[in-house]
Amino acid sequence: MTDTFRNNDSKLKAEVRRVMDSRAASGLEGMIGGLEAIVINVQPERQKSAVQQLLETTGHGYRTAFERGGVRTCVLGLEGSADILVTARQEGDNPFRPFNTGPKGDALPDTRLETLVFKCPELEKVVEIQKGRGVRFMTDQPVRTDAWLFIQTEPSPYTGNSVGYIQWLGDEGQYVCEGASGLSWTFDKPDWPHLADIRELDHAATRVRAEERDKAIIEFMELTNYHFDFAIYVEALNSITNVARLTHDDYAMVFTSGIEPFRSVEESGPTELFIHNYNTRVHHLAFRTENIVETFEALGRHGMKFLVELVGSPEEGLRQTFTEGFEDTFIVNEYIHRYGGFDGFFTKSNVTMLTKATERQ
Ligand SMILES: [Fe+2]
């Protein structure tokens, strides 16, 4: 009989030290900045409703829509936040499709958060260094337009996510370039006051298999300037929440995995069960939220369904909740309020209650 695989942080931390050293030696430190955009791909017939849903549940506003190279892109933005690009392929292969399968994921075979795009002011230099370290990109060379340079990695075998690098050549956030054709799509951003309290993208959480937790985190560190910060183990739910950060103020990257691998639907806990149903993917997008009690109530009045009530309290420093997964994207929204003076990032009790709530997915 073989021993059951079980995560522990001492192995991970040794790998973290190695990659931090190797990153520094390669000259990559300081070369890759913060998150500029996330790319959520959806089924073409659901693209407009996916955008409308985001407009009604976040502070982001509609900027523009265009088609380029067989892909239709809608741009949603908010000052101080990463942009949200909602895309749909009109033609061509989808390299992410193998990562979307599962008993529940199969319903929307092209739908997932595909790419996290980071700012890279010296993109060509970074790509040369990364190629020398064995990183595989989807194109041999960066794509150059009049507005930007862009390249992205092949989907990760551990997460199904791709990391993109963008260098703006003109105005920042100017995605529309020569050769793109504008789409005359319009959307109504509701003028509900509570939407103004939903602010920037705070973190996204990717669910990864227990046995690939270390590899997923190390790979992300190899591709960015993020460092591993801490992990919270919830033994009773077979779940670890791992946090990687760039700086104290930047978007954070969260990885959630089992402590031990999936065994069965009944006994593996909500984290490994989600992967069984939907494959490895971004599970939720967390938006920093002011006046969270009022915002939570107002969202409910407008029809939002939640997996859990607000968890946490001002005394603990943190209040959070999860919505149900959206029907056009599978993605859950988290709303998170950090009270003044709270210097931690998460609390174990909130992580436990939020993880428990995802049993219902
Ligand atoms: Fe979260």
Side-chain angles (χ1 to χ4, degrees), residues 34-35 38 40 54 57-60 78 81-82 84 112-113 116 159-161 197-208 213 216-217 220 226 228-234 237-246 248-259 269-275 278 280-290 292 295-296 299 304-313 316-326 329-339 342-361:
L35 186 73
I38 56 172
I40 302 172
L54 282 160
T57 61
T58 70
H60 279 61
L78 175 70
S81 177
I84 303 174
R112 71 179 286 120
L113 191 155
L116 299 141
T159 65
N161 300 342
D197 281 332
I198 305 173
R199 304 286 171 82
E200 77 275 7
L201 184 63
D202 178 279
H203 65 272
T206 299
R207 291 200 158 172
V208 298
R213 175 192 75 145
I217 295 169
F220 184 73
Y226 276 63
F228 173 70
D229 198 357
F230 65 92
I232 294 176
Y233 283 62
V234 181
L237 298 172
N238 184 37
S239 188
I240 317 173
T241 294
N242 307 273
V243 179
R245 320 259 336 242
L246 183 60
H248 192 73
D249 299 320
D250 277 285
Y251 160 87
M253 189 73 183
V254 176
F255 297 87
T256 311
S257 74
I259 301 171
T271 299
E272 291 290 332
L273 181 61
F274 178 88
I275 296 165
Y278 294 96
T280 56
R281 63 169 74 221
V282 168
H283 168 267
H284 65 261
L285 299 175
F287 296 91
R288 189 176 67 79
T289 302
E290 296 295 333
I292 195 165
T295 305
F296 174 74
L299 287 165
M304 175 82 84
K305 296 209 171 59
F306 292 91
L307 290 173
V308 62
E309 299 287 299
L310 286 173
V311 301
S313 65
E316 293 164 282
L318 202 56
R319 257 194 185 127
Q320 291 158 278
T321 189
F322 274 163
T323 69
E324 291 186 355
F326 292 109
T329 63
F330 294 137
I331 296 172
V332 163
N333 275 4
E334 174 184 327
Y335 300 102
I336 178 165
H337 183 110
R338 293 198 166 85
Y339 291 89
F342 178 61
D343 57 3
F345 188 73
F346 285 155
T347 61
K348 182 160 181 168
S349 65
N350 278 16
V351 165
T352 303
M353 286 186 277
L354 291 167
T355 304
K356 175 87 180 154
T358 66
E359 281 175 345
R360 294 175 48 199
Q361 288 185 280

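Sequence positions, counted from 1, serve as the residue numbers for this chain. We count ligands from 1, going down the list as the structure has it; atoms in each ligand are counted the same way.
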Query raised in the report: L78: what forms a side chain to side chain contact (heavy atoms under 4.5 Å, CB included) with it, not counting sequence neighbours?
Result: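 For L78 the side chain to side chain contact (heavy atoms under 4.5 Å, CB included) partners, ignoring immediate neighbours, are H60, S81.
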Do [Y] and [X] have ring centroids that are under 6.0 Å from one another?
{"X": "Y339", "Y": "H337", "answer": "yes"}
{"X": "F296", "Y": "Y335", "answer": "no"}
{"X": "H283", "Y": "F322", "answer": "yes"}

Query raised in the report: Side chains of T241 and V234: closer than 4.5 Å at any heavy-atom pair?
Result: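 T241 vs V234: side chains apart.
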Report task. May I ask you to list the protein N, O or S atoms found at less than 2.8 Å from the Fe ion (ligand 1)? Result ->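 Sorted hits: H203 NE2, H284 NE2, E334 OE1.
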**Report entry** Quiz item: cation-pi between R281 and F274, 6.0 Å / 45°
**Finding:** no
